[in-house]
Enquirer: 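Questions regarding the structure given below will be posed in turn.
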Amino acid sequence: MEIASLIDPLNDAQRKAVTAPLENVLVLAGAGSGKTRVLTHRIAWLLKSENYSPFNILAVTFTNKAANEMRGRLESLLGFSTQNLWVGTFHGIAHRLLRIHWQEANLSENFQIMDSDDQYRTIRRIVIAMGLDEKQWSPKKIQWFINHKKDGGLRPDQIKDNGDLHQRTLVRIYQQYEEICQRSGLVDFAELMLRAHELWQTRPDILLHYQERFKHILVDEFQDTNAIQYSWITAMSKKGCLMAVGDDDQSIYGWRGAEIENMKKLEKDFAPLKIIRLEQNYRSTGNILKGANTLIANNTDRLGKNLWTDDSEGELISLYAAFNEIDEARFIVDKIREAYRENISYKDCAILYRSNAQSRVLEEALIQAGIPYRIYGGLRFFERAEIKDALCYLRLVANRDDDSAFERVINMPTRGIGDQTLSTLRNTAKEQKISLWQSANLLIQNQQLSSRALNAVQQFCDLINTIQKETRNLSLSELTEHTLRVSRLLDHYQNEKGEKGQTRVENLQELISATKQFQDESGNPEISPLSSFLATAALEAGETQSEFSSDYVQLMTLHSAKGLEFPFVFLAGLEEGLFPHQLSMEDPQKLMEERRLCYVGMTRAMKKLTITYAETRRLYGNETYHRPSRFIRELPTEVLEEVRLRTQISRPVYNAQPKNTQNNNISRIPDSSHNESGLQLGQRVNHPTFGEGIVLNYEGQGASARVQVKFGSTGAKWLVAAYAKLEPAT
DNA sequence: AGAGCCATTGTTTTT
DNA sequence: CAATGGCTCT
């Protein structure tokens, strides 16, 4: 491949980044400025032009999706596969290191990864075992506490005792949790990073090896790094070059420990640091970009950057004030239908919202309209109960001491091991400081259980042992299939009545085919196929891959939209309290993150952005009234166009509208009727010929807007709003 | 062991 | 409003 062809398609700033001299570089890459392209071309450049070996390069991303995409793009750019090149997520790379250096990291050889559900259950069990009140010591909050500490690099004994009794208990739980994980050979997500980090501290020799190996370290989405990731990457890149790519304006994960400050810290820790800004946007129209830029300018503390585009101004950003959330959904669906009639595919349309709860109404409207859609997010494959059950059997086969897995499947399907027996097991484990598996065997040996329980436990242990014995020479998928059968898990779900059982069985079959595919594709020589598969299941909980062939409207939260782009974007629910979210409104820091989230959402749109809000919305069962989001007011009026069911459009909107900020929600309701000049859903109207009726429906806008009215005399009729001479009736 | 009842609790999500 | 979870009753 020609080197010229590598850099020719780039703009100046991109080329500067790709061909940067061998020093530390921070690339401030605005939304849609070709960030992934820069990263992949940079790697190709290093290999092709600077003659580095793939062995010398490490590329870190935040999601598996991004990692896969990078590897794919790189291979198509280079034309050959890049095995020696490490590309992965922070956690994936840490896991890889720990598999290699499990001894030095003080782990058992067959340690397994626990996901946050496993972690939650383990913590809950500890809280109960410690005799604490679950209400006062909510496992969720404790989980948050522990992870937060780990993300900050702190072990229980490193947490400063501030004399706070509450904290002392939390630390005690943390301590207990650690002990159990260590004993069980379990590692949670945060622990992967923490161990990898500690490996650098305790084994400078190993660190040195990797420092010398990785001459070039590239990190994507740098604004999302947390403290531990920062110091891990810092330590490793001491002898090589770091290229950090990120956008402080798109940092939306502060709530889970990401520190935007890390981008600023680079200047100090990696001096001399070259900063390159990618400010040309190739995605959105001028108006969309102008709106987004103006919005984000309300944030302080920015690294500074202004996106521009060569593209035309494009259409204005539409704004629709819906009467309620149902009206909002119907409006969006109407617009999509309209677009579809103009030959726009459904998959080019995305509906974005702040929280998952909003999806339902939208979904219903889409169903009613017969429009295919797809919701991203929600339960992922490997998180489904039946799949977790199956995986826990496999985990036990791989590692008997896995208490978390033991607890989950010991009585699943039921085999007569109840609370009684289980608590005996737990107590013994606690007293002897051994795993549940070991305590089960101990109790069997000493005949310390009632004969019935003894029998049941014995059978369970035999089951696991037999599975292993019988499957020693079987492939991964055969092992899985066998396990599902002899554990009677498959039977159990087959007997479950209803559609639910049906899908569960299907999912289990899906799991078997997943293992088949896995063994075909991946040969990780470092570990056993089973451990390797389990790690993948935990780390890549089943990306919801969309089928490209099909044409769906895409629904997702703003968070999961990051990194994606769509020609037509609908931003729904821009209301104070919903977006920005109630819980983020007081804290200026959090409010700025909400604003960045809005910025992310707006910059997803390529051609047309439509923003909607509802004047009244059913939330948690009651009618609520929200004011339109402050983010709407922060947009420049000249890029906005208010859509209304009126014969004429636009009375310029939110410019100088003095908001009564006191909570006078109620007084806003008339606003909506005035908005429609008497044509509000459900409203009684008078028609010169048909008499009195009720507004049922409407469609279209401007001169062609039509209203459906149900008249007592003639039934429902569609009327063109402009000519119908409808008058409000009382 | 499983159905059914009451109470609680509702951001964002990847790994 | 619903989904979830614990608890009780059969």
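Each chain gets a letter, A, B and so on, in the order its sequence line appears, and its residues count up from 1.
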Enquirer: Compute both the distance and the angle, then confirm whether A:Lys388 meets the cation-pi test with A:Phe382: under 6.0 Å from the six-membered ring centre, within 45 degrees of the axis.
Expert: no
Enquirer: Side chain of A:Thr557 only, heavy atoms from C-beta on: which candidate in B:dT13, B:dT15, B:dA1 is closest?
Expert: B:dT13
Enquirer: Nearest to the A:Ser584 side chain among B:dT11, B:dT13, C:dG6, which nucleotide is it?
Expert: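 Between B:dT11, B:dT13, C:dG6, the one nearest the side chain of A:Ser584 would be B:dT11.
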Enquirer: Under a 4.0 Å N-O cut-off, is there an ion pair linking A:Arg256 with A:Asp151?
Expert: no
Enquirer: Taking atom C1' in both C:dG5 and B:dT12, what distance in whole Å separates the two?
Expert: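 23 Å, rounded to whole Å.
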Enquirer: A:Arg617 side chain N/O closer than 4.0 Å to the phosphate oxygens (OP1, OP2) of C:dC1?
Expert: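 No.
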Enquirer: How far, in whole Å, is C:dA3 from B:dT14 if one measures between their C1' atoms?
Expert: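 Taking atom C1' in both B:dT14 and C:dA3, they lie 23 Å apart.
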Enquirer: Can you see if the side chain of A:Arg124 gets near the phosphate of C:dG5 - specifically, an N or O under 4.0 Å from OP1 or OP2?
Expert: no
Enquirer: Does B:dT11 have its OP1 or OP2 closer than 4.0 Å to a side-chain nitrogen or oxygen of A:Asn356?
Expert: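 No, outside the criterion.
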Enquirer: Does a side-chain N or O from A:Arg380 land closer than 4.0 Å to OP1 or OP2 of B:dT15, or not?
Expert: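 False: A:Arg380 side-chain N/O out of range (4.0 Å or more) of B:dT15 OP1/OP2.
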Enquirer: Is it the case that A:Arg125 places NZ or CZ above or below the six-membered ring of A:Tyr177, under 6.0 angstrom from the centre and within 45 degrees of the axis?
Expert: no
Enquirer: Taking for each residue the nucleotide of DNA chain B bearing the nearest heavy atom, is the 5' side occupied by A:Lys590 or by A:Gly92?
Expert: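 Comparing both residues, the 5'-ward one is A:Lys590.
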Enquirer: Specify the separation, in whole Å, of atom CZ of A:Arg415 and atom P of B:dA1.
Expert: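 Answer to the nearest Å: 11 Å.
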Enquirer: Of all the choices, B:dT14, B:dT13, B:dG10, which nucleotide is nearest to the side chain of A:Trp255 once you look at every atom?
Expert: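 Output: B:dT13.
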Enquirer: To the nearest Å, give me how far apart CD (A:Gln358) and P (B:dT12) are.
Expert: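 Spelled out: CD on A:Gln358 to P on B:dT12 is 9 Å.
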Enquirer: Which part of the nucleic acid, if any, lies within contact of A:Glu594, taking any heavy atom under 4.0 Å across all strands shown: a base, the sugar-phosphate backbone alone, or nothing?
Expert: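 Answer is base: heavy atoms of A:Glu594 come under 4.0 Å of a base.
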Enquirer: How is A:Phe62 classified with respect to the nucleic acid when contacts are heavy atoms under 4.0 Å: base, sugar-phosphate, or nothing?
Expert: sugar-phosphate
Enquirer: So, do A:Trp255 and A:His559 have ring centers that fall under 6.0 Å from each other?
Expert: yes
Enquirer: Base of B:dT12 relative to its sugar, syn (within 90° of 0) or anti?
Expert: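 You should classify B:dT12 as anti.
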Enquirer: Select base, sugar-phosphate, or nothing to describe what A:Arg596 touches, counting heavy atoms under 4.0 Å on all strands.
Expert: nothing
Enquirer: Nearest to the side chain of A:Arg618, which nucleotide is it out of C:dC1, B:dT12, B:dT13?
Expert: C:dC1
Enquirer: To the nearest Å, how far apart are A:Ile113 CD1 and B:dT14 C1'?
Expert: 13 Å
Enquirer: Among A:Tyr253, A:Phe62, A:Trp232, whose side-chain contact (heavy atoms from CB on, under 4.5 Å) with A:Thr225 holds?
Expert: A:Phe62
Enquirer: Where the side chain of A:Asn411 is defined as all heavy atoms beyond and including C-beta, which of B:dT14, B:dT11, B:dA1 is the nearest nucleotide?
Expert: B:dA1
Enquirer: Could you state the atom-to-atom distance from CZ of A:Phe90 to P of B:dT14 in whole Å?
Expert: 17 Å
Enquirer: Please report the distance, rounded to the nearest Å, between CZ in A:Arg125 and P in C:dG5.
Expert: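 Value for this atom pair: 14 Å.
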Enquirer: What does A:Asn622 touch in the nucleic acid at a heavy-atom separation under 4.0 angstrom: a base, only the sugar-phosphate, or nothing?
Expert: nothing
Enquirer: Looking only at the side chain of A:Tyr620 (C-beta and beyond, no hydrogens), which of the listed nucleotides C:dA2, B:dT13, C:dC1 gets closest?
Expert: C:dC1
Enquirer: Where is the tightest heavy-atom contact between A:Glu407 and A:Leu422, given as atom of each residue plus distance?
Expert: OE1-CD2, 4.0 Å
Enquirer: Give the nucleotide from the list C:dA3, B:dT11, B:dA1 with an atom nearest to the side chain of A:Thr414.
Expert: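 Selected nucleotide: B:dA1.
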Enquirer: Looking at A:Tyr552, I'd like to know if the NZ or CZ of A:Arg374 sits under 6.0 Å from its six-membered ring centre while staying within 45 degrees of the ring's axis.
Expert: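 Output yes; distance and angle both within limits.
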Enquirer: Rounding to an integer number of Å, can you tell me how far A:Tyr120 OH sits from B:dT14 P?
Expert: 20 Å
Enquirer: Is A:His559 stacked on the base of B:dT12, with ring centres under 5.5 Å apart and planes under 30° apart?
Expert: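 So no, this residue does not stack on that base, at least one cut-off failing.
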Enquirer: In whole Å, what is the span from the CG atom of A:Asp419 to the C1' atom of B:dA1?
Expert: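 Atom CG in A:Asp419 sits about 13 Å away from atom C1' in B:dA1.
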Enquirer: Identify which nucleotide among B:dG2, B:dT15, B:dT13 has an atom closest to any side-chain atom of A:Arg256, counting heavy atoms from C-beta outward.
Expert: B:dT13
Enquirer: Just checking A:Gly257: base, sugar-phosphate only, or nothing, at a heavy-atom cut-off of under 4.0 Å?
Expert: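 The residue A:Gly257 makes no contact with any strand.
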Enquirer: Output the rounded distance in Å from CE (A:Met412) to P (B:dA1).
Expert: 11 Å
